[in-house]
Amino acid sequence: MKLRTLGFGALTGVFLTAPLIAILYLVDKWIDLSFPPFDTFDWVARILPGPVVTFGIDLMVDSLMLVGLSVKDFAKTAEQIMAVMIFLGAGVVATIIIFALMERRIWGARPQLGALVGLIVGIPIALITFSIGQSSLDPTVNFAWVLIASVAWGTASALVAQRLIPERQVFVSEDGERSVEVLGRRQFLVRMGVATATLTVAGAGIGRVMAGNEQRRLEAELVAMKQRVADSAAAGMIELPNEDDPLKPALGTRPEYTQVRDHYKIFIRSQPSIIDGDTYTLPITGSVENPMSFTIDDIRNRYDPKNEFVTLACISNRVGGDLISTTYWTGASLQDILADLKPLPSATHLFIESEDGFFETVALDLIASDPRIMLAYNWDGRPIPFDHGFPLRIWIPDRYGMKQPKWITSIEVIDQYKPGYWVERDWDEVARMHATAVIDTVAIDAIIEDGDQKLIPVGGIAHAGVRGISKVEVRVDEDGPWQEAQLRKPLSDATWVIWRYDWPFEEGRHNFEVRTYEADGTPQTEDVNPPRPSGATGLHSKNATIEA
């Protein structure tokens, strides 16, 4: 394949695949067909070995941190961009193949050759959207649409190749003939680039507007649902139980209570699952005397609500990372629900499946030992948002988020253990939250005058699942002593603790380090470990330059 033809094929691949992606996105938002770039990316991530998936996650997190972006705010966006770019790259490669076949006059170099390549490429993508697509329409409609789009894209690629690859190569030296040929191709490429760029921008822009309208519609549905919920009067007016605590956080410490809009969100698909709350039912079957099916209102009204302030963390969170949040959960105790189901003596676990393909196993012994384990339906007094697991998600105290399914669609009571989604990918089977202390701030702009002494507030959080925090210590510089910090009363036994240490001012560049102890005196581990497979550990530190 000639280098020039390779270049034309690559450029054409960009020019044609970019508007294809925009059109697929527009149709997704217009009539709710699946978006193949996301579906393909999700399917590949699902079949790859655990270490490969972990490498990708680590690479994305490290890249975001390197450029100073919040993992909590940008991780899902970065994943979606990655999905689109991979799809674009695959389109470029396929277009180069079409150009190579056309150059060799395979099948007479007719446009049907491009249609055939488009069909070959489109069939596996169509099968993927058929199997895991999130469209509300019949999967066969998705299948047919992807094939039509693929064949059209392949045909267009072949037609462009016909225009850019001449019937015969021009080797004569006359400048006039060669320049006419180059000029004609150049003009064609420029016009095609302008046309496809316009189509790409228009399709993506209109799709984005439609996506915004859809988001507002979903939010309106949640508002309407909230008005039907008996406890909605308290929504947005959650009283913090420690408001009278005299210890105030150091300036720059993260908010003690996370607004729902700021709560971190991690899920295995490129987009959150959308479930219709009005038609939703949760079947609980298997090894029980009394299998039942619940609507969301059944769970709300049949069982006394459990309320808890909860700090939840992602097992992929780095020490000091922002994949951790605290909000107010409301739900039904699984102990109460299981009492109605009456599990058989042989039953040992719940196998929970989610709309997005996630699954996890919870031991009945664990549920029996902890009445706090709940099927949650409210956050902050409101229905859980669509992008956080509406209508139901589970809360299991002292466990990382990887053990806690969202968008729950079915529960089966089983008589043997099954590994969960991430356990199958070699992450920790228990996923118990580690004790960790974090420095959020060295408040050099909030110096306290205490007589002749100047104090600089240092502050942050410490957490240990539901095991509580008894002490936090801060050390300034490697040769400094460990000094005990003050602790603010936590929102509950299941949340982080805000700590503060007022450090005597000392000019220069300093390293601040923090460690914590659980309620029973157990110190956090100082061993440095990566997130995989059991969660990151090690002491957190922060450098600061203190000037007079």
Side-chain angles (χ1 to χ4, degrees), residues 1-29 34-41 44 56 60 63 77-104 106 109 111-126 128-129 145-166 181-208 270:
M1 183 178 185
K2 295 179 175 60
L3 185 60
R4 182 171 56 179
T5 304
L6 176 64
F8 285 151
L11 195 59
T12 301
V14 173
F15 284 167
L16 294 183
T17 309
L20 171 65
I21 293 172
I23 292 170
L24 292 172
Y25 179 69
L26 174 61
V27 173
D28 168 32
K29 300 307 175 186
S34 282
F35 186 50
F38 288 173
D39 291 340
T40 306
F41 183 84
V44 170
M60 179 182 66
S63 299
T77 300
E79 182 180 306
Q80 292 174 345
I81 292 173
M82 192 186 311
V84 170
M85 294 308 295
I86 291 174
F87 195 88
L88 177 63
V92 169
V93 171
T95 307
I96 291 173
I97 293 173
I98 291 175
F99 268 64
L101 296 175
M102 295 288 287
E103 184 183 50
R104 287 167 172 76
I106 305 298
Q112 291 90 329
L113 180 63
L116 178 61
V117 174
L119 185 65
I120 293 172
V121 172
I123 286 176
I125 298 175
I128 289 171
T129 61
W145 161 238
V146 172
L147 287 186
I148 291 170
S150 300
V151 169
W153 164 86
T155 303
S157 297
L159 289 171
V160 173
Q162 273 188 334
R163 176 67 178 79
L164 294 178
I165 301 174
E181 178 190 344
V182 173
L183 181 61
R185 292 177 182 176
R186 184 177 300 161
Q187 289 177 336
F188 177 77
L189 286 171
V190 169
R191 291 171 182 170
M192 182 174 67
V194 171
T196 57
T198 302
L199 185 59
T200 301
V201 172
I206 297 172
R208 184 62 183 167
S270 299

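Computed from heavy atoms alone, side chains included, the values below leave out hydrogens, waters and symmetry copies. Heads up: numbering here begins at 1 and tracks the sequence. If you're wondering where the values come from, they're calculated on a predicted model, not measured in any experiment.
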* Asked: Any side-chain heavy-atom pair from Trp153 and Ile98 closer than 4.5 angstrom?
  -> yes
* **Atom pair CG/OG1 of Leu113 and Thr155 - distance to nearest 0.5 Å** => 10.0 Å
* To do: Could you grab the distance from atom OG1 of Thr40 to atom CZ of Phe38, nearest 0.5 Å is fine?
  => 11.0 Å
* Asked: Roughly how far, to the nearest 0.5 Å, is the CG atom of Leu20 from the OG1 atom of Thr196?
  -> 12.0 Å
* **Non-neighbouring partners of Asp28 that pass salt bridge (Lys or Arg N to Asp or Glu O under 4.0 Å), sequence neighbours left out** => none
* Asked: Looking at CG of Leu6 and CD of Glu103, how far apart are the two atoms once the value is rounded to the nearest 0.5 Å?
  -> 9.5 Å
* **Any side-chain heavy-atom pair of Phe35 and Thr129 under 4.5 Å** => no
Give every donor-acceptor pair under 3.5 Å between a side-chain atom in residues 78-87 and any protein atom, sequence neighbours left out.
unit_1	atom_1	unit_2	atom_2	d
Glu79	OE1	Lys76	NZ	3.3
Glu79	OE2	Lys76	NZ	3.3
Gln80	NE2	Ser270	O	2.7

* Structure fact -> Heavy-atom closest pair (Val92 atom, Gly13 atom, distance to 0.1 Å) is CG2-C, 3.8 Å
* Structure fact -> Heavy-atom nearest pair, Ser150 first then Gly122, reads OG-CA, 3.3 Å
* Structure fact -> Rounding to 0.5 Å, atoms CE (Met102) and CG (Leu159) come to a distance of 7.5 Å
* Asked: Considering all heavy atoms of both residues, which atom of Thr200 and which atom of Ala18 are nearest to each other, and what is their separation?
  -> OG1-C, 3.5 Å
* Asked: Where is the tightest heavy-atom contact between Ala94 and Val117, given as atom of each residue plus distance?
  -> O-CG1, 4.5 Å
* Please name the pair of heavy atoms, one in Ile96 and one in Ala10, separated by the smallest distance, quoted to 0.1 Å. => CG1-N, 3.7 Å
* Structure fact -> Heavy-atom nearest pair, Val151 first then Ala115, reads CG1-CB, 3.9 Å
* To do: Can you measure from CD1 (Ile21) to CG (Leu16) and round to the nearest 0.5 angstrom?
  => 11.5 Å
* **Main-chain N/O of Gly9 paired to Thr12 side chain as donor or acceptor, under 3.5 Å** => no
